[in-house]
Amino acid sequence: MATIFAEGFETKEIVYVVLGGVIPAAVLAVFRWIIKPLAAAWRTGLAGSKSQLKADAADDAEERLVVLRDQVRDVAEEQGLREPDHATGHNPTIVTYTDGHVTTYFSDHAAYRRAMTNRTTDPRRSFVGAPPQPVSEWDEETLQDWLAEHTTQ
């Protein structure tokens, strides 16, 4: 049988070259074309799901705080307790309590005197000093401690 290949090469050698070089190169090309983008997408999806898990955990923690704050307000109302509910402003800071009572706190005596002179605040409900921390700013531990102290189980 006549050989159609160049002199010095046999069919076996050419088959080995094809099997040993061209096929692995084709496999590598397929890997780069298909597998590599899939792996990158998987890594991106994994990072996205981690950040989503963190966001979900933060949302759950915030929801727990909202529920605990509502419970504190309800217990305080049921028991007739006066707890600072929320505060607005600065010098004066106006604090509204759970029973609806409103108190004004001034950070310095001069501002308090000006308000008294101008009659812009009720002297029976105005004080110089730091306002109490309102329930709306309490952390989870403080809320749970307060509830444990004021509820019977």
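Just so you know, these numbers come straight off a predicted model, no measurement behind them. In what follows, residues are counted from 1 in the order of the sequence shown.
For the side-chain contact (heavy atoms from CB on, under 4.5 Å) test, no residue two or more places apart in sequence or in another chain qualifies with E77. With sequence neighbours left out, the side-chain contact (heavy atoms from CB on, under 4.5 Å) criterion links D74 to no other residue. Checked against ring pair (Phe, Tyr, Trp, His ring centres under 6.0 Å), H86 has no partners two or more places apart in sequence or in another chain. The side-chain contact (heavy atoms from CB on, under 4.5 Å) test applied to P123 returns M116, not counting sequence neighbours. Partners of T103 according to the side-chain hydrogen bond (donor to acceptor under 3.5 Å, both in side chains) rule, which considers only residues two or more places apart in sequence or in another chain, are H101. S126 pairs by the side-chain hydrogen bond (donor to acceptor under 3.5 Å, both in side chains) definition with T121, not counting sequence neighbours. Partners of D145 according to the side-chain hydrogen bond (donor to acceptor under 3.5 Å, both in side chains) rule, which considers only residues two or more places apart in sequence or in another chain, do not exist here. Not counting sequence neighbours, T120 has no partner by the side-chain hydrogen bond (donor to acceptor under 3.5 Å, both in side chains) test.
Applying the salt bridge (charged side-chain N to carboxylate O under 4.0 Å, His left out) test to pairs two or more places apart or on separate chains, none has a residue in residues 14-28. For the salt bridge (charged side-chain N to carboxylate O under 4.0 Å, His left out) condition, the pairs that include at least one residue of residues 111-123, sequence neighbours left out, are D122-R124. Each salt bridge (charged side-chain N to carboxylate O under 4.0 Å, His left out) pair with one or both residues in residues 78-98, not counting sequence neighbours, appears once here: R73-D85, R82-D99.
To the nearest 0.5 angstrom, E137 atom CD is 11.0 Å from D139 atom CG. Distance check: E140 CD to L68 CG gives 5.5 Å after rounding to the nearest 0.5 Å.
Between the side chain of T98 and the backbone N or O of L81, at least one donor-acceptor pair lies under 3.5 Å.
The aromatic rings of Y112 and F106 sit perpendicular, their planes meeting at an angle over 60°, well past the 30° parallel limit.
Of all heavy-atom pairs between D108 and V128, the closest is C-CG1, 3.9 Å. Residues Y97 and Y105 share a closest heavy-atom pair of OH-OH, 2.8 Å.
At a threshold of 4.5 Å between side-chain heavy atoms, the hydrophobic network of Ile, Leu, Val, Met, Phe, Trp and Tyr places V95 and F127 in one connected group.
Contact check for W146 versus V75: side-chain heavy atoms found under the 4.5 Å cut-off.
Hydrophobic side-chain contacts under 4.5 Å tie I94 into a cluster, directly or through other members, with V102.
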Check against side-chain contact (heavy atoms from CB on, under 4.5 Å), L143 and R69: CA-CA 7 Å; L143 292 162; R69 287 174 180 147; 3.7 Å; yes
